[in-house]
2 protein chains.
Amino acid sequence: MEFHQLRYVCAIAETGSFSRAAERCQVAQPSLSQQVLKLEDDLGAKLFDRLGRSVRLTEAGRAFVPHARSILNQMEAARATVADKSADVRGSVAVGVIPTIAPFLMPRYTAGFAKRYPEANLRIVEEMTPVLVESLRNLSIDIAVLALPLRHKDLELIPLHTEPLFAVLPKDHPRAGAKSLSLKELRGESFVMLRDGHCFRDLSIAACTHAHVTPRIAFESGQFSSLIGMVAAGVGISLLPEMAIDRNPGCRYIRVSDARATRTVVAAVLRGRSFNRIQQAFLAGIQK
Amino acid sequence: MEFHQLRYVCAIAETGSFSRAAERCQVAQPSLSQQVLKLEDDLGAKLFDRLGRSVRLTEAGRAFVPHARSILNQMEAARATVADKSADVRGSVAVGVIPTIAPFLMPRYTAGFAKRYPEANLRIVEEMTPVLVESLRNLSIDIAVLALPLRHKDLELIPLHTEPLFAVLPKDHPRAGAKSLSLKELRGESFVMLRDGHCFRDLSIAACTHAHVTPRIAFESGQFSSLIGMVAAGVGISLLPEMAIDRNPGCRYIRVSDARATRTVVAAVLRGRSFNRIQQAFLAGIQK
DNA sequence: TCCGGAGTATAGTTATCACCTATGGAATTC
DNA sequence: GAATTCCATAGGTGATAACTATACTCCGGA
């Protein structure tokens with residue numbers, strides 16, 4: 001059974017003639033005859049009674065034609081559905097962001113996007129890196145905005161932004177007036193840091209370790225603003241990515257000069273997967 | 001779009017691999033690859049993300065596959081429906097009979113049939129010839145049991161039975177003891193006859209006319225039994241087909257010897273049309 | 001009863017295309 | 001880094017749907 005055979009049969013049923021059906025289907029009449037014979041042979045039953053003057057559906061034909069029409073309709077529906085999916089500006093995109101980036105970058109990313117694609121359905125998920133990586137893998141999110149380092153061969157990483165780290169010191173700290181400083185100058189200080197699981201905590205510790213500094217941790221929190229408050233209160237010092245600086249009057253922010261003391265923000269997507277128009281638009285938006 | 005392409009896509013969606021799908025579909029893997037690429041090109045969208053290890057449906061693919069499955073199912077349904085129609089012993093047959101045959105032949109025809117095909121749906125219509133011919137043409141009946149002559153080129157006639165005519169005389173009629181008689185011996189008699197429209201009336205009159213007898217009609221009725229009653233009461237004489245003889249004690253039945261004084265019963269069907277198994281069985285049943 | 005017209009089937013040819021085998025190339029595993 | 005596992009590409013072949021030309025069948029009119 002082939003689609004063109006169904007088209008032929010429907011055309012014959014509608015026009016009541018092989019010749020007119022052939023004309024409508026833009027084929028020669030013998031081609032159409034042959035294909036109908038072939039289909040009848042395939043089905044093991046005649047679909048039409050060929051009379052001299054006209055043609056009539058047999059009982060089997062009357063039973064078959066509605067199916068044929070329905071199949072052809074469904075074929076068109078399938079085609080239309082696919083066309084929809086790839087052209088639709090009302091598509092969905094789900095984006096995951098880690099907590100140490102979300103409040104600083106996402107507002108900027110989403111504002112322009114929502115204006116440009118008002119019919120799009122944008123969903124944002126804020127979770128820590130391992131959760132987001134898993135979400136990428138099981139397709140519950142399409143794009144994740146994360147910080148390096150990331151070692152997952154199944155992810156494709158698109159660098160978005162590299163920023164220096166800053167030391168946060170209480171305003172009366174001896175180094176509070178410096179233009180910049182190196183991590184090793186902070187040896188022996190108490191630190192306030194993000195809780196375990198936040199990748200920025202790992203990044204900070206790694207930077208210190210590289211400078212041969214072992215940070216003593218006096219306080220932990222889940223958000224930068226708490227850390228900054230603690231620094232202002234004299235509990236310890238901290239490290240921040242540039243974007244998290246909030247100019248608390250009790251603190252001074254000093255750029256860390258170590259070459260490795262940077263954070264790189266990337267967009268991560270599952271390697272090899274494809275994206276709908278909306279997802280592509282979001283990805284393009286965050287890269288510029 | 002082709003059926004085999006849909007089969008391939010479904011197989012890939014189920015097995016998660018082009019190679020395994022090719023195996024299941026009994027084709028070489030490159031053939032399957034080509035057909036999928038062709039379909040994707042046709043649809044204007046990728047259906048699968050080809051990763052190194054495995055294969056995943058794209059958004060478009062997820063939308064497409066259910067349609068594909070449904071189309072394939074419907075194709076099977078169409079095939080099954082047709083197979084059903086041609087093999088079904090629960091089919092329908094509608095038979096038309098004229099009133100001058102119905103009571104005598106139909107019981108015999110239908111008894112064996114109903115026993116042999118208890119699941120069949122047999123419908124019997126009793127009407128005069130022109131109505132039945134029209135019913136054959138508009139397919140509201142499948143088979144008609146009629147009497148000759150019939151001049152309709154669109155009908156195919158199958159002779160079933162040829163019977164002599166009998167004269168019905170009151171038992172005290174001068175010819176009541178004869179073994180046979182010719183129509184011209186009835187010249188001058190009063191006749192009782194079927195009403196206009198019954199073909200047996202036409203046949204009787206035609207037979208008389210051929211014998212140069214012009215029947216004078218003293219009484220008309222719609223059924224043979226009334227005619228026979230009238231003959232017994234001495235109103236006139238009549239003509240009957242053999243099958244209508246009922247041995248009324250007030251009558252004598254004398255065979256008419258004229259060569260043309262016969263009735264031929266035929267099965268009539270629309271020329272060129274096809275029949276389901278049940279219809280064929282009925283036709284076969286009435287011919288033996 | 002024969003002819004012409006309308007309609008479908010058959011014959012023979014051509015071109016397309018689905019299939020095959022062999023091979024290339026990318027990703028992953030050991 | 002070699003082996004393995006996939007999918008894609010290349011080139012050749014056979015099946016088949018298309019075409020043109022023609023035969024056959026039915027039907028209405030002369």
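By convention in this document, chain letters (A, B, ...) are assigned in the order of the sequence lines, proteins followed by strands, and residues within each chain are numbered from 1.
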(message) When you measure from the side chain of Q279(B) to the backbone of S92(B), do you find a donor-acceptor pair of N or O atoms at a distance under 3.5 Å?
(response)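 Yes; at least one donor-acceptor contact below 3.5 Å.
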(message) Between R62(A) (side chain only) and L57(A) (backbone N and O only), is there a donor and an acceptor less than 3.5 Å apart?
(response)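 Yes; judged by distance alone, with no hydrogens or angles, the pair exists.
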For [X] and [N], give me the distance from atom [atom1] to atom [atom2], rounded to whole Å.
X       : N       : atom1 : atom2 : value
F48(A)  : dG7(C)  : CZ    : P     : 16 Å
L270(B) : dC26(D) : CG    : P     : 14 Å
L39(B)  : dA8(D)  : CG    : P     : 13 Å
F18(B)  : dA26(C) : CZ    : C1'   : 15 Å
D49(A)  : dT8(C)  : CG    : P     : 13 Å
D42(B)  : dC17(C) : CG    : C1'   : 14 Å
E40(B)  : dC7(D)  : CD    : C1'   : 12 Å
R50(B)  : dT28(C) : CZ    : P     : 17 Å

(request) Identify whether the distance between the nearest side-chain nitrogen and carboxylate oxygen of K46(A) and E40(A) falls below 4.0 Å. (result)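 No.
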(request) Could you tell me whether E14(A) and R24(A) have a side-chain N and a carboxylate O separated by less than 4.0 Å? (result)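 A salt bridge is present here (some side-chain N lies under 4.0 Å from a carboxylate O).
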(request) Give a yes/no on whether any side-chain N or O of S33(B) is located under 4.0 angstrom from OP1 or OP2 of dT9(D). (result)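 For dT9(D), neither OP1 nor OP2 has a side-chain N or O of S33(B) closer than 4.0 Å.
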(message) Does dT5(D) have its OP1 or OP2 closer than 4.0 Å to a side-chain nitrogen or oxygen of S19(B)?
(response)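 Checking dT5(D) against S19(B), no side-chain N or O comes under 4.0 Å of OP1 or OP2.
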(message) Ignoring hydrogens and geometry beyond distance, is a side-chain donor-acceptor pair present between T81(B) and H67(A) at under 3.5 Å?
(response)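 Yes, because at least one side-chain N or O of T81(B) sits under 3.5 Å from a partner of the opposite role on H67(A).
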(request) Ignoring hydrogens and angles, state whether a donor on the side chain of S70(A) or Q74(B) is under 3.5 Å from an acceptor on the partner side chain. (result)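 Checked: S70(A)/Q74(B) side chains pair up, N/O donor to acceptor below 3.5 Å.
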(request) Please determine which of V55(A), L47(A), V65(A) meets the side chain to side chain contact (heavy atoms under 4.5 Å, CB included) test together with I12(A). (result)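 In the set V55(A), L47(A), V65(A), the residue that makes a side chain to side chain contact (heavy atoms under 4.5 Å, CB included) with I12(A) is V55(A).
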(request) Take R271(B) and L37(B), find for each the nucleotide of DNA chain D with the closest heavy atom, and name the residue whose nucleotide sits nearer the 5' end. (result)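 Whichever sits nearer the 5' end wins; that is L37(B).
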(message) What does the B/S/- profile of nucleotides 11-22 of chain D look like, 5' to 3', with a 4.0 Å heavy-atom cutoff to protein?
(response) -----SSBBBB-
